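The structure under discussion appears below in the form of structure tokens.
The sequence lines fix the lettering, A, B, ..., with proteins before strands; numbering per chain opens at 1. Given the structure is predicted, the values throughout are model-derived calculations rather than measurements.
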Amino acid sequence: MAPQTRRMTFPNVVIERDTDSERSSSDEEEEEEEEDHEEEEEKVVDNKNEERMEESLEAKKKGKTPITISLKKVCKVCKKVGHEAGFKGATYIDCPMKPCFLCKMPGHTTMACPHRVATEHGVIPAPRRNTRNPLEYVFERQFRPRVLRIKPAFVIPDEVTCAVIRYHSRRITCLEFHPTNNNLLLSGDKKGQVGVWDFGKVHEKMVYRNIHSCIVNNMRFNPTNDDSVYAASSDGTISCTDLETGISLSLMNLNPDGWQGRSNWRMLYGMDINSEKGLVLVADNFGFLYLVDTRSNNKIGEAILIHKKGSKVVGLHCNPVQPELLLSCGNDHFARIWDLRRMETGSSLYDLAHKRVVNSAYFSPLSGSKILTTSQDNRLRIWDSIFGDLDSPSREIVHSHDFNRHLTPFKAEWDPKDPSESLAVIGRYISENYNGAALHPIDFIDISTGQLVAEVMDPNITTITPVNKLHPRDDVLASGSSRSLFIWRPKEKSELVEQKVERKIVICDRAEKKRSRKHGNKSDDSDDDKFTSKGKKLKSNKPEWKLTRCSGKVKR
DNA sequence: AGGATATGACTCC
DNA sequence: TGGAGTCCCTATCC
């Protein structure tokens, strides 16, 4: 083929310029100096553009399409010209064409959202009701005494220290404090591994790698044996692991025939223990509930459809006071209250409607009489009394905890120590500009008023922290953020750990691997091969074991 | 430094 | 009902 010159084939280029006043800050600086010449230059550009337009028209006649290079600002969100969305430094600029990212209402951006500006996040107050029924009478007599009538002031430290540890190789999905050992934290991850960390003796950690083959969705300690823990996983099994020996047994396997395709693979999500009845309750991704006897480890009866068929049941919670009451929630936008003595499809006592997927639903930890739910519509919902009117929540609190498919779902968790049952903790999705850093704090919310009581953050921690749990006895908050675990405590109370962590402690698993290879043992640390959906092999993650320490602020 | 990639819910047809 | 296409602040790896 005869060679062609570029001149002959290269299409004409049309350059479009933004003519309005919106320019980036760096442009502005440069342009201020050149202001005098600007008008003149634009004329030149216009003339040139005209010439090019003529040329391009000519090219069109000849059948060549001109390439248009636009120097106008194009919004990467809505693709429209004239504005831009995205981070400007540590502040995120919203696309004005989209509804508010926080409250989801049109007409304003997240920055101007009244729920963001208010010190009290948006609250829809409880309507005054005067409908007394017999159940409510029972509640007043039996349960109300358990809840403190006068709410004590929350004691919020000014500063916290945060121990950061990283030994999971995938993102953290759940956390659980040991019921009696105050310094023991369990963590589950997306890969199926379970970590045990003694944060009192920072160097003591253990990672169990062979319990599950994928996501650990929920863990609960065995109420009759502190050393054993149950876990429900997306591999379709419930495990019971002895933390002393590391020996794990499988109570139930929903996929005994292995992989039979996506539509047949059953995954376990919600799980809770009913100690009174000696039951493990689990629910799957098809809407079914399973009951397992903890003494015989046998499944009891048939699975019961408790949520929309084919939808994921992500949360189960047994009432701490009334053992026959069960709360479930899932992807069918409902949280449901059940009587365990009468578990049949469609026999729920109440269906609590939500606008989106319900990530979690919990009874209050002491009286069991309140319900707190987290929904993907960016709202926390509170029902003040399960014996009152459950038709609508007592309060809705607007809070940014949008689900993003690459994050573990956010769940608002009660403070089990708060006698007034009004403090909850939840990570925040949306970032805030804190002295030039975009941070995602962990919010403490007074769910009786909707007030943001405290925001905990650390300039060194820039990741989102969707998994949080408050210690049942101590002033400790445990968090899971991506692959890292944090232990937050008030600054004055952390001497124990502080002295040990003056310097960064780095112990590398690779050293262990090397040693075990030298001794001829096949290391159990070796990562399983991972493949993409297209069959491409992924490189395994480098194991790390790292602990750092930093000081965080508490903003009120 | 930036592209690839893990991958869930929802809407539309 | 199911498959394709879309989606606003990810985190990590190379």
Side-chain angles (χ1 to χ4, degrees), chain A residues 74-80 83-106 108-111 113 116 164 166 168-173 189-192 214-215 217 234 261-263 265 267 269 285-286 307-314 330-333 354-359 375-378 399-410 427-434 437-441 457 461-467 480-484 527-544 546:
Chain A
V74 179
C75 174
K76 66 173 183 184
V77 176
C78 71
K79 312 284 185 291
K80 289 205 171 71
H83 65 273
E84 277 178 311
F87 275 105
K88 275 263 184 310
T91 306
Y92 188 88
I93 310 296
D94 260 346
C95 168
M97 311 304 283
K98 293 276 179 176
C100 171
F101 189 49
L102 176 56
C103 75
K104 312 291 183 194
M105 305 303 273
H108 63 270
T109 61
T110 311
M111 198 64 87
C113 179
R116 180 167 187 160
V164 184
R166 185 147 132 146
H168 281 279
S169 61
R170 293 287 187 279
R171 65 169 204 243
I172 286 151
T173 52
D189 74 17
K190 207 172 150 285
K191 202 185 177 190
C214 60
I215 317 177
N217 288 308
S234 288
R262 201 187 158 82
S263 56
W265 186 259
M267 304 187 254
Y269 282 85
N285 57 327
F286 290 113
H307 280 266
K308 187 181 169 188
K309 198 167 188 180
S311 75
K312 205 190 273 179
V313 183
V314 290
N331 280 22
D332 63 352
H333 303 186
H354 293 70
K355 293 216 171 61
R356 291 285 157 133
V357 166
V358 190
N359 290 344
S375 172
Q376 287 183 22
D377 66 354
N378 266 356
H399 177 264
S400 171
H401 49 258
D402 263 62
F403 183 72
N404 167 313
R405 67 179 176 285
H406 306 297
L407 297 174
T408 304
F410 290 85
R428 197 191 304 174
Y429 182 37
I430 207 163
S431 69
E432 208 81 56
N433 185 342
Y434 292 97
L439 303 180
H440 307 265
M457 69 266 184
I461 298 166
T462 55
T463 49
I464 293 169
T465 311
V467 192
S481 180
S482 186
R483 289 166 53 192
S484 301
D527 276 357
D528 298 326
D529 286 345
K530 283 278 165 196
F531 295 92
T532 66
S533 54
K534 286 173 184 159
K536 194 179 157 195
K537 192 176 165 192
L538 289 172
K539 286 209 168 179
S540 63
N541 288 297
K542 289 189 195 89
E544 20 180 345
K546 213 184 256 188

Could you work out which one of [options] sits closest to the side chain of [X]?
X: Asn331(A); options: dT10(C), dA9(B), dA11(C); result: dA9(B)
X: Arg166(A); options: dC8(C), dC9(C), dC13(C); result: dC13(C)
X: His440(A); options: dA9(B), dT10(C), dC9(C); result: dC9(C)
X: Thr463(A); options: dT12(C), dC9(C), dA9(B); result: dT12(C)
X: Asn404(A); options: dC8(C), dC10(B), dC9(C); result: dC9(C)
X: Arg405(A); options: dC9(C), dC7(C), dT12(C); result: dC7(C)
X: Lys190(A); options: dT7(B), dC9(C), dT12(C); result: dT7(B)
X: Arg356(A); options: dC10(B), dT10(C), dG8(B); result: dC10(B)

Is [X] close enough to [N] that one of its side-chain N or O atoms is under 4.0 Å from OP1 or OP2 there?
X: Lys312(A); N: dA9(B); answer: yes
X: Ser482(A); N: dT10(C); answer: no
X: His333(A); N: dC10(B); answer: yes

Original post:
Hey, is His406(A) doing a stacking thing with dA6(B), by the 5.5 Å centroid and 30° angle criteria?
Top reply: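 Answer is yes, a stack.
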**OP:** Could you tell me whether Ile430(A) contacts a base, only the sugar-phosphate backbone, or nothing, with contacts defined as non-hydrogen atoms closer than 4.0 Å?
**Re:**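 Here Ile430(A) touches the bases of the nucleic acid.
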Original post:
Heavy atoms under 4.0 Å, any strand shown: does Pro99(A) hit a base, just sugar-phosphate, or nothing?
Top reply: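 Answer is base: heavy atoms of Pro99(A) come under 4.0 Å of a base.
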Expressed as a whole number of angstroms, how long is the span from [X]:[atom1] to [N]:[atom2]?
X: Met267(A); N: dT7(B); atom1: CE; atom2: C1'; value: 11 Å
X: Phe410(A); N: dT10(C); atom1: CZ; atom2: P; value: 11 Å
X: Asn359(A); N: dG8(B); atom1: CG; atom2: P; value: 14 Å
X: Lys88(A); N: dC8(C); atom1: NZ; atom2: C1'; value: 15 Å
X: Phe87(A); N: dG2(B); atom1: CZ; atom2: P; value: 16 Å
X: Lys104(A); N: dA9(B); atom1: NZ; atom2: P; value: 15 Å
X: Gln376(A); N: dG8(B); atom1: CD; atom2: P; value: 12 Å
X: Asn217(A); N: dG8(B); atom1: CG; atom2: P; value: 11 Å

Original post:
Aromatic rings His401(A) and Phe410(A): how do their planes relate, parallel, tilted or perpendicular, breaks at 30° and 60°?
Top reply: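 Geometry flag for Phe410(A) against His401(A): tilted rings.
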Original post:
Okay, side chain of Thr109(A), backbone of Asp94(A): is any donor-acceptor separation there less than 3.5 Å?
Top reply: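 No: the side chain of Thr109(A) does not pair with the backbone of Asp94(A).
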Original post:
Just by distance, do the side chain of Arg170(A) and the backbone of Ile215(A) share a donor-acceptor pair under 3.5 Å?
Top reply: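 Not a single qualifying donor-acceptor pair exists.
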Original post:
Which value, in whole Å, describes the distance between the C1' atoms of nucleotides dT11(B) and dC9(C)?
Top reply: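 Going atom to atom, C1' in each nucleotide, I get 23 Å.
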Subject >> Basic-acidic side-chain contact under 4.0 Å: Arg356(A), Asp402(A) >> reply: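 The answer is no: the pair does not qualify as a salt bridge.
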**OP:** With Ser481(A) as reference, evaluate Thr408(A), Thr462(A), Thr463(A) under the side chain to side chain donor-acceptor pair (under 3.5 Å) test and give the passing residue.
**Re:**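 Testing Ser481(A) for a side chain to side chain donor-acceptor pair (under 3.5 Å) against Thr408(A), Thr462(A), Thr463(A) leaves exactly one candidate, Thr463(A).
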**OP:** Please tell me if the side chains of Cys78(A) and His83(A) come closer than 4.5 Å, counting only heavy atoms from C-beta onward.
**Re:**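 In contact.
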